[in-house]
Amino acid sequence: MNAYAPILVLGALGAGFAIFSVLMAAIIGPRRYNRAKLEAYECGIEPTPHPAGGGRFPIKYYLTAMLFIVFDIEIVFLYPWAVTFDALGLFGLVEMLLFVLTVFVAYAYVWRRGGLEWD
């Protein structure tokens with residue numbers, strides 16, 4: 001248990017700082033509400049009404065999210081692999097080539113569906 005004590009202390013300090021920051025901002029922060037501040041933020045575009053049952057979103061939203069997740073996961077797996085590359089040997093190289101091939105299949109799908117065109 002002594003080996004995990006510094007990690008637990010650091011986690012408690014981080015959580016304490018986050019909670020303290022949010023509470024202090026709520027207590028001493030300015031409260032100047034107006035109509036513009038209470039509206040939904042739409043990146044400068046006037047919000048449009050949605051149908052009652054929801055509405056259909058263009059596929060580009062989902063392709064962008066999928067592209068982000070694919071490359072985010074790739075980096076999460078590539079970094080530890082690069083650190084232990086020498087210890088893994090040929091097996092690690094073949095496994096990473098298969099993983100990168102799988103990532104390129106997802107990338108090709110997004111490219112084919114037009115997820116990289118920003119018009």
Side-chain angles (χ1 to χ4, degrees):
M1 187 64 180
N2 287 338
Y4 295 109
I7 296 171
L8 293 174
V9 170
L10 185 62
L13 281 173
F17 178 74
I19 292 169
F20 175 76
S21 298
V22 170
L23 288 177
M24 284 296 113
I27 292 170
I28 64 174
R31 292 175 186 83
R32 292 186 293 264
Y33 300 111
N34 57 30
R35 185 173 160 247
K37 196 178 262 192
L38 295 175
E39 285 186 10
Y41 181 67
E42 295 286 337
C43 299
I45 301 171
E46 290 296 323
T48 57
H50 294 288
R56 298 183 71 174
F57 288 98
I59 187 115
K60 289 191 180 206
Y61 291 115
Y62 301 108
L63 291 177
T64 303
M66 188 172 77
L67 191 66
F68 171 75
I69 290 170
V70 164
F71 287 110
D72 192 39
I73 290 173
E74 181 182 15
I75 294 302
V76 166
F77 285 118
L78 276 176
Y79 184 73
W81 172 78
V83 171
T84 60
F85 177 72
D86 288 338
L88 294 175
L90 184 62
F91 173 76
L93 180 64
V94 170
E95 289 297 319
M96 190 50 65
L97 287 175
L98 291 174
F99 176 70
V100 170
L101 179 67
T102 307
V103 169
F104 280 133
V105 167
Y107 176 71
Y109 174 76
V110 170
W111 186 5
R112 181 97 170 140
R113 295 291 298 201
L116 303 176
E117 297 171 8
W118 301 103
D119 44 37

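Numbering of residues begins at 1 and proceeds along the displayed sequence.
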_As an exercise, state the distance from CG of Leu93 to CG of Leu98, rounded to the nearest 0.5 Å._
9.5 Å

*Looking at CG of Leu90 and CD of Glu95, how far apart are the two atoms once the value is rounded to the nearest 0.5 Å?*
10.0 Å

*Answer yes or no: does atom CZ of Phe104 have more than 12 heavy-atom neighbours from other residues, nucleotides or ligands under 6.0 Å?*
no

*Does CZ belonging to Arg31 count more than 12 external heavy atoms closer than 6.0 Å?*
yes

*For the residue pair Val83 and Tyr79, establish whether any side-chain heavy-atom pair is separated by less than 4.5 Å.*
yes

*How many angstroms lie between CG in Asp72 and CD1 in Ile69, if you round to the nearest 0.5 Å?*
8.0 Å

*asked:* List the residues meeting ring-ring contact (aromatic ring centres under 6.0 Å, His included) with Phe77, not counting sequence neighbours, and say none if there are none.
replied: Phe99

*asked:* Suppose we screen for side chain to side chain contact (heavy atoms under 4.5 Å, CB included). Which residues come up paired with Trp111, at least two apart in sequence or across chains?
replied: Tyr107, Leu116

*Look at the side-chain heavy atoms of Ile, Leu, Val, Met, Phe, Trp and Tyr, link any pair under 4.5 Å apart, and say whether Val100 and Ile75 land in one connected group.*
no

*Check whether any side-chain heavy atom of Leu78 lies under 4.5 Å from a side-chain heavy atom of Met96, and answer yes or no.*
yes

*asked:* Once rounded to the nearest 0.5 Å, what's the spacing between atom CD1 of Ile27 and atom CZ of Phe20?
replied: 8.5 Å

*Would Leu97 and Ile73 show up in the same hydrophobic cluster when neighbours are defined by side-chain heavy atoms closer than 4.5 Å?*
yes

*If you round to the nearest 0.5 Å, how far is CZ of Phe68 from OG1 of Thr64?*
11.5 Å

